[in-house]
Amino acid sequence: MKRSAKFLTSVMLTATLLVPAMGVSAANGETAQQQGNETFRVLVDSANQNELKNAKGKYGVHRNFNSEGFTTTMNAKQFEALQKNKNLTVEKVPEFSIEETSSKPEAKYSTMAASQSVPWGIKAIYNDSTLTKPTGGAGINIAVLDTGVNVNHTDLRNNVEQCKDFTTATTLVNNSCVDRQGHGTHVAGSALANGGTGSGVYGVAPSADLWAYKVLGDDGSGYSDDIAAAIRHVADQATALNTKVVINMSLGSAGESSLITNAVNYAYSKGVLVIAAAGNSGPYQGSIGYPGALQNAVAVAALENVIQNGTYRVADYSSRGYSSTDGDYVINKGDVEISAPGSSVYSTWYTGGYSSISGTSMATPHVAGLAAKIWATNTSASNTQLRAELQKRAKAYDILSGSGAAVGDDYASGFGFARVR
């Protein structure tokens, strides 16, 4: 896959049909539309509060980030004029859009879970090939920041606690998080699906509560300011409700966004654990996407359902860190931290049925679910203590990258495969 600034998700739309590269990309520079009269999002800031106030009044405010400025929508001519104001700093907010190498997959989604009620990834993370019903996660919230969630899905509806949309207005819209793309519903299922009436699928922590936050539009596109606003809202909700929250972000970009970085740091400081996809730009070194690459986010690599040298194999598409940090047992910026099942993952779908998808996007909710399950057994633990526990469990199932990387935290698998036991 050609690397650019990307939200990275590799998708397989049935158990047999692989769509090898599906991602969300943040284009650098202007698109053809932006060069015309089409509008786009910008971040405006200034040390001069009067200038900032005037700009807000003139252009309107989409998101207000206080010390970081505000975002608004304008056309190219307005943008050029604003750049001439030496009292203001203005930059474009990255726009993200989904790309598919196969736009018309010839596939039918399952409407019944049938015998796949406990998918292979759930059995693997429980280290139990005969598992029939996962348990745990009660009292812990998993915030899925994605394309939304089908909150009426049989396997999810009893877990839903919050449903909010950050894509359509200057502030969030309560009780609206419809998913017309599928990705977010699939992610939520792997984290906490409860089996429905008994014929559905299970996630890692079926008793956890779901906070479904729509940060990407129906076509899979979105802006970093909406994502940052959602992250901050999760943190504020965790504080206001005095509750434990795990954020799942199965999205990423090759370029760092200051708005998202600051929002992740804010959430982490409020006791929230942030789990994010490593990205699908492997097997190249230094290819971890953001926010997974951030110091205060847990980057998750994807494993295949293939045993190699006694362990599950890291998928070739899964992004890598740097081999120079192998074996130092320290997670630096840009390192993989933990691995989890990510290929051919069977889970809930936005249609009310089920589908199989591959990618680090699918690995991430396995770790978010595991974090919720562990946290539920020790709610007095901090997010940093929980993170250390995940690392400890991963070390017990250390994985080699298959390319001679050192045992320990290697650039492909991080500390390894964190499991229930």
Side-chain angles (χ1 to χ4, degrees), residues 3-9 23-28 41-47 62-72 89-96 143-146 166-167 213 215-216 221-239 245-279 281 286-300 319 321-322 325 330-338 360-361 364 367-368 383-384 387 414:
R3 290 198 69 226
S4 60
K6 289 183 178 290
F7 267 155
L8 300 158
T9 304
V24 184
S25 62
N28 291 321
R41 195 81 49 85
V42 299
L43 174 66
V44 183
D45 196 12
S46 176
H62 179 72
R63 302 282 178 203
N64 189 11
F65 290 95
N66 298 319
S67 62
E68 296 176 81
F70 72 98
T71 60
T72 188
T89 59
V90 56
E91 61 184 72
K92 293 179 182 178
V93 174
E95 184 177 356
F96 304 93
V144 174
L145 277 55
D146 216 292
F166 288 80
T167 66
Y213 285 12
V215 298
L216 301 177
S221 66
Y223 289 95
S224 61
D225 60 334
D226 291 337
I227 298 167
I231 296 169
R232 288 180 175 274
H233 185 74
V234 170
D236 291 339
Q237 286 284 283
T239 300
V245 187
V246 178
I247 288 180
N248 186 102
M249 284 190 285
S250 291
L251 47 78
S253 171
E256 183 175 358
S257 162
S258 61
L259 289 175
I260 292 179
T261 297
N262 292 335
V264 167
N265 292 342
Y266 176 76
Y268 200 69
S269 72
K270 295 293 185 179
V272 174
L273 185 66
V274 181
I275 312 292
S281 293
S287 58
I288 305 299
Y290 290 90
L294 298 175
Q295 198 78 38
N296 287 331
V298 177
V300 183
S319 292
Y322 296 94
T325 64
V330 176
I331 297 299
N332 299 298
K333 187 174 182 178
D335 281 349
V336 174
E337 189 159 338
I338 289 174
T360 55
S361 282
T364 307
V367 177
N383 59 339
T384 57
R387 185 175 186 178

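- A distance-only check finds a donor-acceptor pair linking the side chain of Asp335 to the backbone of Asn332 [under 3.5 Å].
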Legend entry - side chain to side chain contact (heavy atoms under 4.5 Å, CB included) assessment of Met249 paired with Val264: CA-CA 11 Å; Met249 284 190 285; Val264 167; 4.1 Å; yes
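- Rounded to the nearest 0.5 angstrom, Ile227 CD1 and Leu216 CG are separated by 5.5 Å.
- With sequence neighbours left out, the ring-ring contact (aromatic ring centres under 6.0 Å, His included) criterion links His62 to no other residue.
- For the atom pair CG of Asn265 and CD1 of Ile260, the computed distance is 12.0 Å after rounding to the nearest 0.5 Å.
- Asp146 is listed as a side-chain neighbour of Ser250, based on a closest heavy-atom distance under 4.5 Å.
- Sorted by first and then second residue, the pairs that involve residues 246-273 and meet salt bridge (charged side-chain N to carboxylate O under 4.0 Å, His left out), not counting sequence neighbours, are Glu256-Lys333.
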Inset, instruction - Check the pair Leu251 / Val215 against side chain to side chain contact (heavy atoms under 4.5 Å, CB included), numbers first and verdict last. - result: CA-CA 10 Å; Leu251 47 78; Val215 298; 4.3 Å; yes
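- Taking 4.5 Å as the limit, every side-chain heavy atom of Gln237 sits out of range of all side-chain heavy atoms of Val245.
- Ser224 and Val93 make their closest contact through OG-CG1, 3.2 Å (heavy atoms, listed as atom of the first residue, atom of the second, distance).
- Across all their heavy atoms, Gln295 and Ile331 have their closest contact at NE2-O, 2.7 Å.
- Considering only heavy atoms from C-beta on, Ile338 comes within 4.5 Å of Val298 through its side chain.
- Every residue meeting the side-chain hydrogen bond (donor to acceptor under 3.5 Å, both in side chains) condition with Arg387, not counting sequence neighbours, appears here in chain and number order: Tyr268, Glu337.
- In this structure, the side-chain hydrogen bond (donor to acceptor under 3.5 Å, both in side chains) partners of Thr71, at least two apart in sequence or on a different chain, are Asp225.
- Residues Leu273 and Ile275 form a side-chain contact, since some pair of their non-hydrogen atoms from C-beta on lies under 4.5 Å apart.
- The two residues Ala235 and Ala267 come nearest to each other via the heavy atoms CB-CA, 3.6 Å.
- Taking Asp45 as the reference, nothing meets the side-chain hydrogen bond (donor to acceptor under 3.5 Å, both in side chains) condition, with sequence neighbours excluded.
- Contact between Ile231 and Leu145 at its shortest, heavy atoms only, is CG1-CD2, 3.6 Å.
- Side-chain contact of Asn248 with Tyr213: a donor-acceptor pair under 3.5 Å is absent, judged by distance alone.
- Between Tyr223 and Arg63, the closest side-chain pair of non-hydrogen atoms is not below 4.5 Å.
- For the pair Val90 and Val42, the tightest heavy-atom approach, listed with the atom from each and the gap, is CG2-CB, 4.1 Å.
- Listed here is the closest heavy atom pair of Asn64 and Gly69: OD1-O, 3.5 Å.
- Between the side chain of Ser319 and the backbone N or O of Ile288, no donor-acceptor pair lies under 3.5 Å.
- Between Ser269 and Asn296, every side-chain heavy-atom pair lies at or beyond the 4.5 Å cut-off.
- Checked by atom type and distance alone, the side chain of Glu68 never pairs as donor or acceptor with a backbone atom of Val44 at under 3.5 Å.
- Here Asn383 pairs with nothing under the side-chain hydrogen bond (donor to acceptor under 3.5 Å, both in side chains) rule; sequence neighbours left out.
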